[in-house]
2 protein chains.
Amino acid sequence: MFHITRKADYAVRGMVHLASQPADQITLLAEMAMKVDVPQALMAKIFQHLAKVGLVRSFRGARGGFQLAKPPKGITLLDIVEAIDGPIAMNRCIIEEGACGRESFCTVHPVWKKIQGKLRDELRRVNLQDLATR
Amino acid sequence: MFHITRKADYAVRGMVHLASQPADQITLLAEMAMKVDVPQALMAKIFQHLAKVGLVRSFRGARGGFQLAKPPKGITLLDIVEAIDGPIAMNRCIIEEGACGRESFCTVHPVWKKIQGKLRDELRRVNLQDLATR
DNA sequence: TTTATTAGGACCAAAAAGGTCTTAATAGAG
DNA sequence: CTCTATTAAGACCTTTTTGGTCCTAATAAA
């Protein structure tokens with residue numbers, strides 16, 4: 001239908017929550033999941049991945065949890081959404097090189113490309129500081 | 001992953017093809033499907049639907065086929081994509097009213113709304129005349 | 001009446017989305 | 001050193017969506 005996935009939405013929710021906490025605080029997965037209304041096991045998956053790509057830091061063991069890896073201002077909606085959903089593309093043909101075979105003459109191709117550029121720009125313009133509720 | 005569906009892509013291809021033909025010509029489904037490299041049975045489904053929503057006219061029986069229902073300039077990418085994929089929405093919460101329960105306080109909600117507005121504007125800005133190869 | 005062609009709907013397979021569960025690793029507290 | 005709290009990793013599952021086929025009916029022209 002054309003929208004970000006629920007996982008990406010959940011990721012954004014969680015990140016906004018982290019951004020709303022004191023910068024050096026380590027937040028429990030359980031608490032975060034509960035606060036933003038996401039199944040904890042799924043939130044775990046999502047944040048494991050965000051940790052792997054370097055958007056958050058994770059700490060294991062007792063007193064463990066998550067915190068932002070950068071100041072909120074340095075993390076954009078685009079970062080989060082693409083970390084979870086993969087690169088934003090208006091159409092398959094833009095990412096899967098040669099998957100279409102019509103690029104050479106297709107008049108729509110460059111249009112998709114341009115629009116997707118603008119969309120990414122918009123998402124890049126919004127950062128976690130803008131979204132934090134503190 | 002965040003892109004229009006293949007059906008929407010196929011629809012656009014077909015519509016561009018129609019726009020590239022003389023205005024009053026009736027184009028065979030089989031020809032159109034072949035020319036733009038789409039399975040004919042699927043193309044049939046897609047154009048049946050485009051006919052139902054009034055973007056194309058269809059003619060049954062011998063010498064039947066399809067033609068645009070309006071001048072190419074009056075049909076936009078947004079028209080076609082939304083006819084097939086449904087309304088464009090950055091996030092579920094924007095269309096499925098009350099499906100989220102967080103709208104009242106969610107700081108991201110209005111952001112999704114704004115960005116999706118811009119995206120729709122961009123898609124509305126491109127019409128079939130721009131895309132026709134004639 | 002025959003033939004060409006779209007309409008409609010049932011049906012199906014593959015992929016993606018959304019989510020759970022189990023086990024391992026690890027860090028801190030006693 | 002051991003126990004406990006907590007994330008990591010990955011297997012696994014269910015539901016929904018996507019992409020597609022096929023058959024039968026309607027219809028228009030020759």
Side-chain angles (χ1 to χ4, degrees), chain A residues 1-11 13-14 18 25-34 36-67 69 81 84-87 89 91-93 95-96 99-100, chain B residues 1-11 13-14 18 25-34 36-67 69 81 84-87 89 91-93 95-96 99-100:
Chain A
M1 193 220 281
F2 200 74
H3 45 59
I4 61 168
T5 63
R6 210 171 297 208
K7 279 184 195 174
D9 179 34
Y10 291 168
R13 288 191 204 179
L18 288 190
Q25 178 171 323
I26 294 177
T27 302
L28 266 178
L29 172 69
E31 184 200 314
M32 179 167 50
M34 205 240 293
V36 302
D37 200 33
V38 172
Q40 179 174 334
L42 184 52
M43 198 60 142
K45 284 281 143 241
I46 293 168
F47 270 76
Q48 276 166 31
H49 191 243
L50 291 178
K52 210 178 298 184
V53 301
L55 289 180
V56 300
R57 266 191 291 273
S58 70
F59 303 89
R60 313 220 267 196
R63 314 261 257 131
F66 296 88
Q67 69 184 187
V81 171
I84 302 296
D85 282 351
N91 201 347
R92 290 190 127 84
C93 58
I95 13 171
E96 294 170 26
C100 157
Chain B
M1 192 219 284
F2 202 73
H3 44 59
I4 61 168
T5 63
R6 211 172 297 207
K7 278 184 195 174
D9 179 34
Y10 290 168
R13 289 190 203 179
L18 288 190
Q25 179 171 322
I26 293 176
T27 302
L28 264 180
L29 171 69
E31 185 202 312
M32 178 167 51
M34 206 239 294
V36 302
D37 199 34
V38 171
Q40 180 173 335
L42 184 51
M43 198 61 140
K45 284 280 144 242
I46 293 168
F47 270 75
Q48 274 167 33
H49 192 243
L50 291 177
K52 210 177 298 183
V53 301
L55 289 178
V56 300
R57 265 190 292 273
S58 70
F59 303 89
R60 313 221 265 197
R63 314 261 259 129
F66 296 88
Q67 70 183 187
V81 171
I84 302 296
D85 282 352
N91 201 346
R92 290 189 127 85
C93 58
I95 14 171
E96 294 170 26
C100 160

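Chain naming here is simple, since letters A, B, ... match the order of the sequence lines and numbering starts at 1 in each.
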Discussion item. Please report the distance, rounded to the nearest Å, between CD in Q67(B) and C1' in dT5(C).
Written reply: 15 Å
Practice prompt. Find the distance I4(A):CD1 to dA16(C):C1' and express it as a whole number of Å.
Written response: 16 Å
Worksheet, complete the sentence: Between A30(B) and K45(B), whichever has its closest DNA chain C nucleotide further toward 5' is A30(B)
Worksheet item: Can you tell which of dT6(C), dG18(C), dG19(C) lies closest to the side chain of P39(A)?
Response: dG19(C)
Worksheet item: Closest approach of F66(B) and M32(B), non-hydrogen atoms and distance?
Response: CD1-CE, 4.2 Å
Worksheet item: Closer to the 5' end of DNA chain D via nearest nucleotide, is it R63(B) or D85(B)?
Response: D85(B)
Discussion item. Can you tell me which nucleotide in dG18(C), dC21(C), dA8(D) comes closest to the side chain of A41(A)?
Written reply: dC21(C)
Worksheet entry | Heavy-atom donor-acceptor pair, D85(A) side chain to I4(A) backbone, under 3.5 Å | no
Worksheet entry | Nucleotide dG18(C), atom C1' - distance to CZ of R92(B) in whole Å | 10 Å
Item to complete: Would you indicate, yes or no, if dG20(D) has its OP1 or OP2 atom less than 4.0 angstrom from a side-chain nitrogen or oxygen of Y10(B)?
Response: yes
Discussion item. Please report the distance, rounded to the nearest Å, between CZ in F2(A) and C1' in dT17(D).
Written reply: 16 Å
Discussion item. Whole angstroms only, please: what is the CD1-P distance between I84(A) and dG19(C)?
Written reply: 14 Å
Worksheet item: So what does F47(A) touch, heavy atoms closer than 4.0 Å: a base, only the sugar-phosphate, or nothing?
Response: nothing
Worksheet item: Between M43(A) and V36(A), which heavy-atom pair has the shortest distance, and what is it?
Response: CE-CG2, 3.4 Å
Practice prompt. Compare the minimum distances between each of dA8(D), dG19(C), dT6(C) and the side chain of A51(A), then state the nucleotide with the smallest one.
Written response: dA8(D)
Worksheet entry | For atom CZ of R60(B) and atom P of dA26(D), their distance in whole Å | 9 Å
Item to complete: Give a yes/no answer on whether the side chain of S58(A) brings an N or O atom under 4.0 Å of OP1 or OP2 in dA8(D).
Response: yes
Worksheet item: Of the non-hydrogen atoms in C100(A) and R13(B), which two are nearest, and what is the gap between them?
Response: SG-NH2, 4.2 Å
Practice prompt. Look at the side chain of K52(B) and the base of dG8(C), then say whether one donor and one acceptor between them are separated by less than 3.5 Å.
Written response: no
Worksheet item: Over how many whole Å does the gap from L42(B) atom CG to dG20(D) atom P extend?
Response: 5 Å
Item to complete: Verify the ring-centre separation between F2(A) and F2(B): is it less than 6.0 angstrom?
Response: yes
Fill in: Side chain of A62(A) - closest among dG28(C), dG20(D), dT7(D)
dG28(C)
Worksheet, complete the sentence: L29(A) atom CG is separated from dA8(D) atom P, nearest whole Å, by 9 Å
Practice prompt. State whether the distance check finds a donor on one side and an acceptor on the other, under 3.5 Å, for side chain K7(A) versus base dA17(C).
Written response: no
